[in-house]
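Taking it in order: structure first as structure tokens, then the write-up.
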Protein chains: 6
Amino acid sequence: MTSRADGRADDELRKITLTRHWQDHPAGSVLVEFGRTRVLCAASASEGVPRWRKGSGLGWVTAEYAMLPSATNTRSDRESVKGKVGGRTHEISRLVGRSLRAVIDYQALGENTIVLDCDVLQADGGTRTAAITGAYVALADAVAHLREQGALKGDPLTGSVAAVSVGIIDGTPRLDLPYEEDVRAETDMNVVMDGAGRFIEVQGTAEGAPFDRAELDALLDLAAGGCADLTRIQAEALGAARS
Amino acid sequence: MTSRADGRADDELRKITLTRHWQDHPAGSVLVEFGRTRVLCAASASEGVPRWRKGSGLGWVTAEYAMLPSATNTRSDRESVKGKVGGRTHEISRLVGRSLRAVIDYQALGENTIVLDCDVLQADGGTRTAAITGAYVALADAVAHLREQGALKGDPLTGSVAAVSVGIIDGTPRLDLPYEEDVRAETDMNVVMDGAGRFIEVQGTAEGAPFDRAELDALLDLAAGGCADLTRIQAEALGAARS
Amino acid sequence: MTSRADGRADDELRKITLTRHWQDHPAGSVLVEFGRTRVLCAASASEGVPRWRKGSGLGWVTAEYAMLPSATNTRSDRESVKGKVGGRTHEISRLVGRSLRAVIDYQALGENTIVLDCDVLQADGGTRTAAITGAYVALADAVAHLREQGALKGDPLTGSVAAVSVGIIDGTPRLDLPYEEDVRAETDMNVVMDGAGRFIEVQGTAEGAPFDRAELDALLDLAAGGCADLTRIQAEALGAARS
Amino acid sequence: MTSRADGRADDELRKITLTRHWQDHPAGSVLVEFGRTRVLCAASASEGVPRWRKGSGLGWVTAEYAMLPSATNTRSDRESVKGKVGGRTHEISRLVGRSLRAVIDYQALGENTIVLDCDVLQADGGTRTAAITGAYVALADAVAHLREQGALKGDPLTGSVAAVSVGIIDGTPRLDLPYEEDVRAETDMNVVMDGAGRFIEVQGTAEGAPFDRAELDALLDLAAGGCADLTRIQAEALGAARS
Amino acid sequence: MTSRADGRADDELRKITLTRHWQDHPAGSVLVEFGRTRVLCAASASEGVPRWRKGSGLGWVTAEYAMLPSATNTRSDRESVKGKVGGRTHEISRLVGRSLRAVIDYQALGENTIVLDCDVLQADGGTRTAAITGAYVALADAVAHLREQGALKGDPLTGSVAAVSVGIIDGTPRLDLPYEEDVRAETDMNVVMDGAGRFIEVQGTAEGAPFDRAELDALLDLAAGGCADLTRIQAEALGAARS
Amino acid sequence: MTSRADGRADDELRKITLTRHWQDHPAGSVLVEFGRTRVLCAASASEGVPRWRKGSGLGWVTAEYAMLPSATNTRSDRESVKGKVGGRTHEISRLVGRSLRAVIDYQALGENTIVLDCDVLQADGGTRTAAITGAYVALADAVAHLREQGALKGDPLTGSVAAVSVGIIDGTPRLDLPYEEDVRAETDMNVVMDGAGRFIEVQGTAEGAPFDRAELDALLDLAAGGCADLTRIQAEALGAARS
């Protein structure tokens, strides 16, 4: 039996840290760490909505994911300098936005916009799931901020959101893959769940050989456990008084 | 009980048509139709591989998905004129490429490149799954073309690939959604499978409320049946003599 | 004397096909074929005009020409991926738009916009002239559609438009050049005419040696005959009941 | 009968000035003036050819046309700031390049590249024809410069090139249109000819009503006379000793 | 002691020429020459201000600097073709705009916009300082033009602006560096001053070794003298009747 | 007399913190804080140099400055999404690169490249001077890393670099301006100095009224003191053992 390089059990998360109020300016700002993966999640709230939504009485939530050039093993080129956003960045930004919108009641949000910026400061696998997990906490802080300002028409949060990666490495299903496991995974899956244990997004990809239904089931079970742990950690972080 | 607007059973595909050799120039060219959804899939083969792969002895397969401005209900802007590829286009191009690469043996392909262009001529839901299903047939034709030219080192196709969309509409799981069902779906899932019934990619999204494990299971069952049907239709199309 | 590879007389068009209603969504949609050249011409009508024309009571017609990567002999790069529209594409889009606008009465069109998308599905010479010839039929269908909706203030079509290429190959003037003649032509001319046999646009280019007035005259005669034939074929297509 | 605002006869050119050696750096540099239209034409010569032509023994000539923001009646936006070259600019750049290449013997030029930059400093109609007429003189100077350096394998210039605009204003064909006539022209034609009076490019456009063969013939006659005059003025300028 | 290649004293400007009304269209248009450096400075005035300033009662002044491809020793690529403005161009455009805005009273200007286009026709060192010096004269002409039209609410010019480069070459501080001195300078400084001898902008850069306070002081003295001379030349040019 | 909002003396720096090894991947990584301004400076070292420098035996150092959207008071748009780098970003990137290159001996560096990424995580004035100050420490760490690898031919660091902003607020010269002072400053100056107290770059701008020589002198004195303090803090940080 192969054990994990960092000594974790197969169904164990890396050390998870959620540091709220990391920045001064945005309504919500959380530094989330999944082991050595470090993502700064900021939720900026502003009055008004995009043009196509004006006058609807509904709010809007969107997300942008990006990575610092220095976040990766080998320095990556800056997308602003290349003059275009890459496909992977686009894909993850859309995933993060979709995931958080799944727990938003636009009516209660009113015509306000919240932009979630997830900037990866250090990448060691699982940046998109860390981003979603941290963005939820930043979103909750931003919603609280809007509530204090009397800008809301109800409670726009219909639930919480957490996400985790799972994968099969050397035939073994494992939770929360660091980079070195991620590159070796035969199958790789990102699962986004709400606090009630229901699915918001499931994305499974055969990196090596196609996978069967039994493997898929094992991965979903593992992810459900991980998301439940993350939900608890989020609740604890949000329960804590502001430092 | 709500029945479908087009009279189909919930587990029934739309009329599927695969027209091979639709264009003269590419090594493979297939017009695929899922009901009124019409995608032109071309497989262009060329000697050589991208720079980062030169000298490896390995081939390369990549894909580009796009939509004609006139393909949609309301005319959409041309991405070339906007000067950038949109997030949705990026995301689907990557999905198509990844799906087809799952059945490619790069060693057997040798240092050849196959580009799969999937251009949507008419959109009525399920364009990405139609694109994958048609692209596999175009890919098979392109591989046959390379074989005739003696350009291969073995059989680069390790299996076949088909894809279908499934979703829950008014609480009922349904197969192969046209546009009018797609926009109403609470949950929407795209499933890519190989000819042996194993998963290559699973992408499920809660469009309305989050979904539970039972719903997920029902959708996967439905998709497995649909992909099996598509696999048979692909085999028939490839078995037919060239018109 | 050299005869043509496809057995045509020097003043004979290739087989011309105009298939109306090829797509479901646009107000007009025509697949035009000049031999193996195949262009999908869609006319999308919408209420309103560009900002600079608002309140003028005048309509607007514009065109975009493009080519599928798989349309050409060797796959061409996608302009959306390159991030910019090439010079040739720009030039032809402008030509198509100018040509069709020559038979439009903006007053009668009222503040409506018609966008003509001409997408080349297969290229074998003469794509721009096929595009113009097909776009006229799509435009006529879109105008009829607007008339049915009661959106017009009169008859916006002041005439019909057809276009054909002519060239001198091995000293002989020829009509409607396929690709293999086009690349060998010493002089190449595209002529756009209205249904009354008057000129809308004349573009002649010395590809090899400069040409004299007698050669120019011979080419114009040849083009006039070809455009007259195309005008008749357009009228027949538009006279036919919808299949 | 309407006479011209500037008192010219209908077949008379504006005052034409060709100032050679206007800049110090390029191998050829000519400020050409057609009345108040002022274009700076520079011919920069360099060793080597674009990658696709390397090792062929053949040279290359290309052109870029552009307009200063301050050249026009109302300031126009800078294309570098907009981040893309407009359709009109592309179209004219291609016309200028094609026109000059018509008198180039690539074999004699050897593997050298000449880039013709035509920058409009002031626009008053006919900028593209002035650009071509001036670019020929700059090209001749650049060729002479290469000859002095012993970089040529023969005489790369097989003829001279001049261009002029003609148009029908209030029913009268006129030569060399300034802006105020250009905007009123029913038909507008740009004609590029070689020094022997043969056609290199003919571009006629119906701006108002379509035009008939008799009108086309009248315009071509007028243009032939104008180009002959320009050819003479070019020869005089090139005969003059360097100031 | 090293003397200068062009025979000037170390504290002597090159021959300065200011030609007003060089173009017909802009409200102000000045060709400025610092020796062989030649910059066309146009000031285009228009009613209205950018959106973010509307209704403020305040005017706006901005600048765009650019270089013709043929202006430099070796032809440089066109930024419009590259699709982006380079860092150096951005930096200088901002410097020119900032420098001229330093002498503008926005209240007196009223809701009018003046755009300063500084296009380098020939580069021989000091293009940015020539641009600023010429732009001031064009600005003064544009302001006079607005005054004649009764479009002003007071005198928007609170002073004059001139600029010059200074540098240390082989240990000697020198004024107004041509290209061949500029590339050899150990320290390079651009100084922008108003007509009263006060500083608007000071930009000093150690090209070779860092410089000390004494060297900095010597350069500032030299620049002050040069700017005083330029201020006088500007006043003379503006005092002259229009040719 | 007006005192500072944060209680500092006019010639006193904000609290300066330099945290080395903040990231795992780059050769040098420093989080620099000037009060609430927080910039992550990474120095990525790689073998080889840009193409134009190959074979010269010389190394290369370059810098890219950027700001997170959430770093500012009001969220700013992402440059990658806008598709271009703004003028301010370009200007500062160039300043940072130039400043660090002033203390580099390319010969000793050998054909290695160091890229300095300065990403502003939180902005409260003085981000460019904090970036330079922190980048020097990251650069020193990267150089040490290359030395350990035996990749150097000598000591590429010829000195240290620090930078600080100074300005005149309500007539009083002050050191190290936070955002609220920066926006109110009549004159604003950024000064880059080496460890020996010599100038590398001086950039002074009149934001309000032009400034005279006495004011300039006072600001330079203030900056010299601040840079001396920063030099000491840098030395201490670099002297500390790795935590």
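We name chains A, B, ... by the order of the sequence lines, and we start the count at 1 in each one. Keep in mind the model is a prediction, meaning the values are calculated, not measured.
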Scored by heavy-atom pairs under 4.5 Å with chain F, the best of Gln203(E), Arg213(E), Arg101(E) is Arg213(E)
Under 4.5 Å from any heavy atom of chain F, what part of Asp188(E) do you find: side chain, backbone, both or neither? neither
Between Ile132(F) and the options Val39(F), Val164(F), Val96(F), Leu116(F), the side chain to side chain contact (heavy atoms under 4.5 Å, CB included) test singles out Val96(F)
Please classify the contact of Leu220(F) with chain E as side chain, backbone, both or neither, using a heavy-atom distance under 4.5 Å. both
Is Leu216(F) in contact with chain E via its backbone, its side chain, both, or neither, using a 4.5 Å heavy-atom distance? side chain
Can you see whether Thr89(F) engages Glu79(F) through a side-chain donor-acceptor pair at a distance of less than 3.5 angstrom? yes
Counting only non-hydrogen atoms closer than 4.5 Å, does Val192(E) touch chain F with its backbone (N, CA, C, O), its side chain (CB onward), both, or neither? neither
Top contributor to chain E contacts, counting heavy-atom pairs under 4.5 Å, from Ala224(F), Ala209(F), Gly86(F), Gly83(F): Gly86(F)
For the pair Trp60(E) and Trp52(E), name the ring-plane relationship: parallel under 30°, tilted 30 to 60°, perpendicular over 60°. perpendicular
Which of the residues Met189(F), Lys84(F), Glu201(F) is involved in the greatest number of heavy-atom pairs with chain E at under 4.5 angstrom? Glu201(F)
For Thr187(E) and Phe211(E), indicate whether the former's side chain and the latter's backbone hold a donor-acceptor pair under 3.5 Å. no
Find the distance between NZ (Lys82(F)) and CG (Asp77(F)) and round it off to the nearest 0.5 Å. 5.5 Å
Pi-cation contact, Tyr179(E) with Arg184(E) (under 6.0 Å, within 45°): no
Which bit of Asp217(F) comes within less than 4.5 Å of chain E, counting heavy atoms only: side chain, backbone, both or neither? both
Is there a donor-acceptor contact under 3.5 Å linking the side chains of Thr127(F) and Tyr65(F)? yes
Please classify the contact between Arg88(F) and chain E as side chain, backbone, both or neither, with a heavy-atom cut-off of under 4.5 Å. both
Under 4.0 Å between a Lys/Arg side-chain N and an Asp/Glu carboxylate O for Asp10(E) and Arg174(E)? yes
Side-chain contact, heavy-atom cut-off 4.5 Å: Asp194(E) with Ile200(E)? yes
Heavy-atom proximity to chain E below 4.5 Å, by part of Val103(F): neither
So which of His90(F), Glu207(F), Met193(F) has the largest heavy-atom pair count under 4.5 angstrom toward chain E? His90(F)
For chain F, find which of Gly87(E), Ala206(E), Gly208(E) contributes the most heavy-atom pairs closer than 4.5 angstrom. Gly87(E)
Counting heavy-atom pairs under 4.5 Å with chain E, which one of Arg98(F), Arg198(F), Glu215(F) comes out on top? Arg198(F)
